[in-house]
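Take a look at this one; I'll ask things after.
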Amino acid sequence: MRHLLRMHQSIGARSSMVHVELTRSGAGIGLLPCYLADRAGDLVRLFPEEFAFRASYWAVSRPDLLKRPAVKAVMDALRAAVEDMKDQLAASAGTGRARPAASAGVRAPTHSLASAPS
């Protein structure tokens, strides 16, 4: 895995979907969210046992706004949606298929390396 640290980004995008499509088109190796890459079906997970990690996503607000009913409602809805989708958001490191997070025993990775088949 030392060699991965020397790789340089040649194409960048802010959208995870763009990263998936660039990887699918053969632009190179992508560090992709499992929930998107697993759905693509035509990507190959690279180093599944050696390289997978969890990423945190933040919803950010000013503290004073969190007291507003509308902001609280949105935050509650986001929490509920993520809870409902936890099985799709977590993927097993070895198979590339989603697995139930509750039965995983350990917290499942959310991101892995992928490439278009050669």
Side-chain angles (χ1 to χ4, degrees):
M1 301 314 317
R2 282 187 304 240
H3 302 291
L4 294 176
L5 298 176
R6 289 187 228 148
M7 292 188 332
H8 297 285
Q9 178 179 330
S10 59
I11 299 174
R14 293 182 189 264
S15 165
S16 294
M17 287 301 301
V18 171
H19 285 227
V20 170
E21 292 306 315
L22 283 167
T23 305
R24 290 178 77 194
S25 71
I29 295 172
L31 177 59
L32 306 173
C34 294
Y35 74 94
L36 292 175
D38 288 347
R39 286 188 210 161
D42 58 347
L43 294 175
V44 176
R45 189 172 291 189
L46 305 174
F47 314 109
E49 301 302 325
E50 296 89 355
F51 187 86
F53 71 95
R54 295 185 56 79
S56 297
Y57 292 91
W58 291 46
V60 181
S61 173
R62 292 190 340 232
D64 59 311
L65 293 180
L66 291 173
K67 297 175 184 170
R68 291 187 174 189
V71 175
K72 185 178 180 331
V74 169
M75 296 300 287
D76 290 345
L78 285 172
R79 282 189 199 98
V82 169
E83 179 65 27
D84 289 346
M85 294 177 62
K86 68 181 175 186
D87 291 348
Q88 293 93 19
L89 296 174
S92 64
T95 65
R97 293 191 210 129
R99 76 172 173 198
S103 65
V106 295
R107 298 182 80 167
T110 60
H111 288 67
S112 64
L113 290 174
S115 176
S118 49

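Bear in mind the structure is a predicted one, so any value in this text is a computation, not a measurement.
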Check your understanding: Which atom names give the shortest non-hydrogen contact between Ser16 and Leu36, and what distance separates them?
Key -> CB-CD1, 3.5 Å
Review point. Cluster partners of Val74, using ILVMFWY side-chain heavy atoms under 4.5 angstrom, listed by chain and number?
Key: Leu65, Leu66, Val71, Met75, Leu78
Practice item. Check whether any side-chain heavy atom of Cys34 lies under 4.5 Å from a side-chain heavy atom of Arg45, and answer yes or no. Key: yes
Exercise for review: Heavy atoms only: give me the nearest Arg24-Ala116 pair and the separation to one decimal.
Suggested key: O-CB, 3.7 Å
Point to revise | Point-to-point distance, once rounded to the nearest 0.5 Å, from CG of Leu32 to CE of Met17 | key: 10.5 Å
Practice item. State, to 0.1 Å, how close Thr23 and Ser115 come at their nearest heavy-atom pair, and which atoms those are. Key: CG2-CA, 3.9 Å
